[in-house]
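Note that the structure is a prediction, hence the values are computed from the model and not measured.
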Protein chains: 2
Amino acid sequence: MNPEHVKPTEAELEILQILWARGACTVREVNEQLNLKRETGYTTTLKMMQIMTEKGLLTRDESQRTHVYRAAVQERDMQKRLLDKFLDSVFKGSAASLVMQALGNSQTSAEELREIRKLIDEMEKGGAK
Amino acid sequence: MNPEHVKPTEAELEILQILWARGACTVREVNEQLNLKRETGYTTTLKMMQIMTEKGLLTRDESQRTHVYRAAVQERDMQKRLLDKFLDSVFKGSAASLVMQALGNSQTSAEELREIRKLIDEMEKGGAK
DNA sequence: ATTTTTCTACGAAAATTTTCGTACGTGTGC
DNA sequence: GCACACGTACGAAAATTTTCGTAGAAAAAT
């Protein structure tokens, strides 16, 4: 299945996060990471990862008895896809409004603020209308 | 039920959006709005709104035969709550990274960019560390 | 070599979310 | 009055997501 338009469920997203952070993993590694947050049976994790592989969200190397899994989608791409959806469904598509709230809520470091400002400078120069 | 920590499902969020945009509504009005996007049976919408009322997401005025519903949570509050969750699960809590992507993807007007810059100015003055 | 552990496969139960059929009461027009 | 449109209530089917038990093969330990 083409993963480009598959929306991961919440449980699937947690697994993707682990794989993005750690690279290739076995089911056992992923399961252990999941268990840091909450109790999850081994076969539950296994089944999830098998389903995700069918959906095209993961790939796996079966050359060894213990299969090794990888995310089949880039973190950035998935973030963009989910952000678009979130923006639509929660902020009616208004990025500015989302950005204002995100900045307002969180304590963002001065360093990060500078970077964001730089991006805005470039966008204004580049020519938003 | 206390609505403060209830996470709406996707279908519930769509209904909240309609009520936030239009204020008090009957089931029929909401159903008509939903049908602009996709076919939805009347009793389906009714049931959803009844469930949401039980959860505390909506309130209703039953003084007339045709009940009138309102959102029981403020749009802002819900946005904040969902944004926090989204930030955590998709951007590992990094607001800056979310903001950069949100700005990068969308075409935001010069007007909006100015507002965001103003907010950043205030935050820097206010003293982010 | 036998037991124990570790792994995958798979079906199905459990939990959650969404949809809808049916019943039944009330108002409206004829 | 009677028929018909329109409303709520409610249970349960359908669809989706998550969890897990069991079986059986392969590796490791004893």
Contact list (N/O, under 3.5 angstrom) for nucleotides 11-15 of chain C vs protein:
from	atom 1	to	atom 2	distance (Å)
C:dG11	N7	A:Lys47	NZ	3.4

**Request:** Name the closest nucleotide to the A:Arg65 side chain, picking from C:dT18, C:dA9, C:dT6.
**Result:**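 Of C:dT18, C:dA9, C:dT6, C:dT6 is nearest to the side chain of A:Arg65.
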**Prompt:** Distance check: side-chain N/O of A:Arg60 vs OP1/OP2 of C:dC7, anything under 4.0 Å?
**Reply:**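 No, no such contact exists.
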**Request:** Would you indicate, yes or no, if D:dT18 has its OP1 or OP2 atom less than 4.0 angstrom from a side-chain nitrogen or oxygen of A:Thr9?
**Result:**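 Answer yes for this pair, as a side-chain N or O of A:Thr9 is under 4.0 Å from OP1 or OP2.
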**Message:** Just to verify, which of B:Lys37, B:Gln33, B:Arg38 counts as forming a side-chain hydrogen bond (donor to acceptor under 3.5 Å, both in side chains) with B:Glu14?
**Reply:** B:Arg38
Less than 4.0 Å between a side-chain N and a carboxylate O, is that true for [Y] and [X]?
X        : Y        : value
A:Glu10  : B:Lys7   : yes
B:Glu111 : B:Arg114 : yes
B:Lys80  : B:Asp84  : yes
B:Arg117 : B:Asp121 : no

Whole angstrom is fine here: how far is it from [atom1] in [X] over to [atom2] in [N]?
X       : N      : atom1 : atom2 : result
B:Met52 : C:dT17 : CE    : P     : 13 Å
A:Met48 : D:dT17 : CE    : C1'   : 8 Å
B:Leu46 : C:dC20 : CG    : C1'   : 11 Å
A:Gln64 : D:dA28 : CD    : P     : 11 Å
B:Leu57 : C:dT17 : CG    : P     : 12 Å

**Item:** Nucleic acid contacts of residues 23-43 of chain A, taken as heavy-atom distances under 4.0 Å to DNA chain D
**Value:** A:Arg38, A:Gly41, A:Thr43
Mind listing the side-chain donor-acceptor pairs of residues 16-24 of chain A below 3.5 Å, one per line with the distance, residues two or more places apart or on another chain?
from	atom 1	to	atom 2	distance (Å)
A:Gln17	NE2	B:Ser89	O	2.4
A:Gln17	NE2	B:Val90	O	3.4
A:Trp20	NE1	A:Val73	O	2.9

**Asked** When we call it a touch if two heavy atoms are under 4.0 Å apart, what does B:Thr44 touch: a base, just sugar-phosphate, or nothing?
**Response**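 Here B:Thr44 touches the bases of the nucleic acid.
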**Message:** Taking any heavy-atom pair under 4.0 Å as a contact, classify A:Gln50: base, sugar-phosphate, or nothing.
**Reply:**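 Result for A:Gln50 = base.
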**Asked** Which heavy atom in B:Met48 sits nearest to a heavy atom in B:Glu12, and how many Å separate them?
**Response** CE-CG, 3.4 Å
**Contact summary for A:Pro8 and A:Val6, nearest pair of heavy atoms** = CD-O, 3.4 Å
